[in-house]
Amino acid sequence: MTDGRRPSVASQALAVFAKDLTAEWRTRTTITAVLLFSVTSLAVVGFAAGAAAMSAEVKAAMLWIVLFFAAFSGLANVWLHEEERGTTLLLRLHACPEAVYLGKLLVNLLTLAAVTSVVAPIYVAMADVRIASPGWFVSVLGAAGFSLAAAATVVGAMIARANARSALYGAVGFPVLLPLLMVAAHGTALCLDPAAPVTALHGTVAGITAFGVGVVAASWLVFPYIWEDM
Amino acid sequence: MAECSPPDVRVVLANTGRAFGRRWAFRGVTAQVRSGGVLAITGPNGSGKSTLLRVISGLLLPTTGTVDVVFGGVHCDAASRRALIGYAAPEAALYGELSGVENLKFFARLRGHRLCREDLAAALSQVGLLGRGRDRVADYSSGMRHRLKLAAAAICQPALLLLDEPGSNLDAEGLECARGLVERQRTRGITVLATNDPREAAWADEIVRLGGD
Amino acid sequence: MMSLAVVPVVVWVGLFLYLVALDRRVARAQSHVRREDDL
Amino acid sequence: MTSGEAMRGPTGGRTFPVLLQAAVGALMLAGIVAAFAAEPVRNAAGLPAFTMGGHGAKIVFFHVPCAWLAVLAYLVGAIEAVRYLSTCRRAGRRAQAHDERCAAAMEVGLVFGVLATITGSVFSHNEWGMYWSWDPRQTSIVVVLLLFAAYLVLRGAIEDPMMRARISAAYTLVAVVPAMFMIWVLPRLPQIVTLHGGANQAVVGGGLGPGYRLVMYGLLLPAFVGLFAWLIDLRMRVATVEAGNEDEVVLGGMRVGEVSR
């Protein structure tokens, strides 16, 4: 008998996460699209700019530009597929908004982590990037990737409810992430510079993580109003 | 599960209305259905049958009037009411990439139930899909997909079963399964179905006609 | 040197008059708006 | 912000209080004349306030208020977004008023953001010789500007008024994180060298001289804030007129219908 008690947010979020992973594993549409997009934009960067000749700051910025565009080419699919196929009605009925947001955020974090783990090594090799402090390099990638996925998820949920859907994604999502792009590029450039003081590195990673946590907090409070029909 | 008396659940609509901007989907609906009862909502296309079901389910708020769902003496608001509800409708799709069984497990897990093989077998056999559970829903025919929706709606013995056009895309045998489902629900709580097919409306004890004015 | 101020002054006076005219036009449009019932 | 039913104008509809209109006009006029009166702009110690100085520096009297108003517009928009979301579950027009005010604030904010960017680059050209100095102050205004633009683009892409209001309010509140980061956090980060300096480091030796302080805070700031309130009030009333009847109000040849739909 249904006893009217709802399962916890975490278990519902994990259910949504598992479902999305299974569905993604079956079709693999998003991951291939995003990977293909990022590898091609890497090639564009390589051919166009003669990557090896760029200074450290430009190389760092270029990496983040590639990752940003890769994220905004596919991370809205977790929402778009649901809206287009009409599966959101039952999901809205049975899962609480916070669980849906958390589940979709986990999917996007995993997707972006997979893409970054492919794109970053290729970029480092291709653009002859000499990393002075690899530990910090990875932590900047992780922190900024977390913030990028968080913002991409909530903006994706918004544009999924709009009509001209994917055309809007970059236009609406990028301004939210401009500060992150600046600080992440600055942080990655510091990682390439052997003389960079640890305090500066620590400061930028802290700043990036703070930005991501801020976005997740704002999204958590606001998401029910995006997700629910009233 | 011992078939104890159906839980005390009651749905009371008092002058319920819903408008989108300045257009009224429906207005002034007053009805009540008690545990073990079946209420049918009929009316021409566009008279707001599906919207009324959504308002009862708590997915949409009524613009005027109230919708009271009382479960075990406790009034459930829009959010807490959802755990009691099973919902099946043409526009409520299931996940095409997943198999029939995975869909049932997913929706049960969302409601905190772990389904064992027997539950799954029972649910599938009730709608005549036994043996097709492992196939992907994308490969189902529209009639099979609708049967799976009925199974997904009834999977966790909901106290409140909401069915929008329960017989759509169904053949004679499928219709019989749907009727059986509604009859079985009488021992578990309430059914509210929206239809304009007289055969389905005949399953109900009480009928509310929309779009009359 | 004060003569430099003439340009912004003229621009501001023009903009100000346009705003006043706009305000009146909107007020006129408001006065014959159908008062639709409160939902 | 003006109260609900202000004095009824002669044409029957509600107007922005005529007294305030006159005040805005007079204050701005006085501010312009006063700004150009004394030469050059002096700082608190009486020394010339800007290295290059000259009449070009007088733009600062208009650049700083515009920048402040862009930030104020975003704050008003965010506050109205919160008020909309807290009232949108209850039926009725009160929630819609908050949504219209949020949209009006963001649109007027976009106008002042553009003005602040233009006057900023003129000042930057006059003071440091280049139109765009990639100075954190300038980039923060540009980000706020892009947020305003993104808000309006998103709002334009959703037809259903209830959904449009909710999604744009949600976007405003999520975008508070980058907006506040750019406006308050970034310019104050010690390791980011800034030509522009803090709020007024550009002025050599601290704040403006007493005379110029009066012009900036006494005349121009109230004039700009009054103008801001007037534009928002106008934009709100246009929105209600449109919601009222379908025929759009044609304002100065621009069909307002597209802007808010």
Side-chain angles (χ1 to χ4, degrees), chain C, chain D residues 6 8-18 21-22 24-40 54-56 58-59 61-62 90-96 223 227 230-231 233-252 256:
Chain C
M1 168 262 304
M2 274 304 286
S3 61
L4 258 181
V6 166
V7 171
V9 164
V10 166
V11 166
W12 168 247
V13 168
L15 178 63
F16 179 71
L17 294 178
Y18 171 74
L19 275 178
V20 170
L22 195 60
D23 196 298
R24 279 195 203 302
R25 182 186 305 205
V26 171
R28 208 174 312 116
Q30 265 179 305
S31 57
H32 53 72
V33 158
R34 296 194 315 274
R35 274 284 141 246
E36 95 270 20
D37 56 321
D38 194 349
L39 287 181
Chain D
R8 286 236 167 250
T11 54
R14 189 177 63 74
T15 66
F16 190 71
V18 178
Q21 291 181 15
V24 166
L27 276 173
M28 190 69 89
L29 206 58
I32 294 173
V33 170
F36 281 87
E39 163 45 50
H55 283 299
K58 299 290 173 64
I59 194 96
F61 286 115
F62 304 97
R90 284 188 293 279
R93 288 188 57 80
R94 215 161 59 76
Q96 194 182 348
L227 183 62
W230 189 359
L231 289 176
D233 179 72
L234 261 174
R235 188 65 194 86
M236 285 272 300
R237 282 160 41 213
V238 163
T240 41
V241 163
E242 267 156 33
N245 46 24
E246 291 317 315
D247 45 3
E248 286 82 15
V249 174
V250 180
L251 288 176
V256 175

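Letters A, B, ... mirror the listed sequences (proteins, then strands); counts begin at 1.
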Test item: D:Val24 and C:Leu19 side chains (from C-beta on) under 4.5 Å apart, heavy atoms: no
With heavy-atom distances below 4.5 Å as the criterion, would you say the side chains of C:Val20 and D:Trp230 are in contact? yes
Donor-acceptor pair, distance only, cut-off 3.5 Å: does the side chain of D:Arg237 make one with the backbone of C:Asp23? yes
How far apart are the closest heavy atoms of C:Val26 and D:Leu234, and which atoms are they? CG2-CD2, 3.9 Å
Are there residues of residues 8-15 of chain C whose heavy atoms fall under 4.5 Å of chain D's heavy atoms? If so, which? C:Pro8, C:Val9, C:Trp12, C:Val13
